[in-house]
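All residue numbers in this chain count up from 1 along the given sequence. Values below: all heavy atoms of this structure, side chains included; hydrogens, waters and symmetry mates excluded.
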Amino acid sequence: NTNIIIRQTKIFMMVVINLPLIRYINKTVKIIKRYCVRRKIPFLKKITLNLAFQLLVVTAMIASITFLENLYSLVFFAFIIHTCAGYTFNNYFTANLSQFPQNAGIASGLVGGVVFIIVSFFSYAIVSVIPAKDELNLSFSYLLLALASGVVLFAIFKINKKRFVS
């Protein structure tokens, strides 16, 4: 699965971005693969690294608007940000299902439904405050969502820390 996603990402970038950037991204992917795939990284650290990378990409998106604002850059950054969000969701989803293996169907329905409602509510609230009319507004919306994810991650960490210490 990881190799297919990486291959599709490379093909997408060949169409959208120039060759030197692809070489840089290939090196970055190799480093990430070497660090994350071959080692058993704890769940919280995986999610934290992913969230940090997502915030870095959002920051790069905001910074790049001053010299590069077109549909290709918007799609490129949106693709990476949504890939990071999908990685976070899949890991949380798997963690929730692994806690209730006997009731996987009910657990997946509840987690999927609750996530759908929460994301819909936050998306509507953010779009009503910051309409996504250009790349700058969209990048600030992504920043707010990434920061909200960070707050949720920190709260979950605090709750789990209290549970395991007690």
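Under the side-chain contact (heavy atoms from CB on, under 4.5 Å) criterion, T59 pairs with no residue, sequence neighbours left out. In this structure T94 satisfies the side-chain contact (heavy atoms from CB on, under 4.5 Å) test with no other residue, sequence neighbours excluded. Residues forming a side-chain contact (heavy atoms from CB on, under 4.5 Å) with N70 (at least two apart in sequence, or on another chain): L68, Y72, S73. Checked against side-chain hydrogen bond (donor to acceptor under 3.5 Å, both in side chains), S149 has no partners two or more places apart in sequence or in another chain. F89 pairs by the ring pair (Phe, Tyr, Trp, His ring centres under 6.0 Å) definition with F93, not counting sequence neighbours. For A107, the side-chain contact (heavy atoms from CB on, under 4.5 Å) partners two or more places apart in sequence, or in a different chain, are L97, F100.
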Which donor-acceptor pairs under 3.5 Å do the side chains of residues 109-131 make with protein atoms, sequence neighbours left out?
from, atom 1, to, atom 2, distance (Å)
S120, OG, F116, O, 2.7
S123, OG, V119, O, 2.8
S128, OG, Y124, O, 3.2
S128, OG, A125, O, 2.8

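The CG atom of L147 sits 12.0 Å away from atom CG of L153, with the distance rounded to the nearest 0.5 Å. Here the CG-CG distance, from L56 to L51, works out to 11.5 Å after rounding to the nearest 0.5 Å. To the nearest 0.5 angstrom, N91 atom CG is 4.0 Å from I47 atom CD1.
For residues 47-57, every residue pair satisfying the side chain to side chain donor-acceptor pair (under 3.5 Å) rule, not counting sequence neighbours, is listed here: N50-T88. Sorted by first and then second residue, the side chain to side chain donor-acceptor pair (under 3.5 Å) pairs with a member in residues 136-146 read H82-Y142; sequence neighbours excluded.
In terms of heavy atoms, F77 sits closest to S64 at CE1-OG, 3.3 Å. Across all their heavy atoms, L136 and I65 have their closest contact at CA-CD1, 3.4 Å.
At a threshold of 4.5 Å between side-chain heavy atoms, the hydrophobic network of Ile, Leu, Val, Met, Phe, Trp and Tyr places F154 and L143 in two separate groups.
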Criterion side-chain contact (heavy atoms from CB on, under 4.5 Å) on L71 and E135, from CA distance to verdict: CA-CA 9 Å; L71 183 61; E135 193 171 349; over 6 Å; no
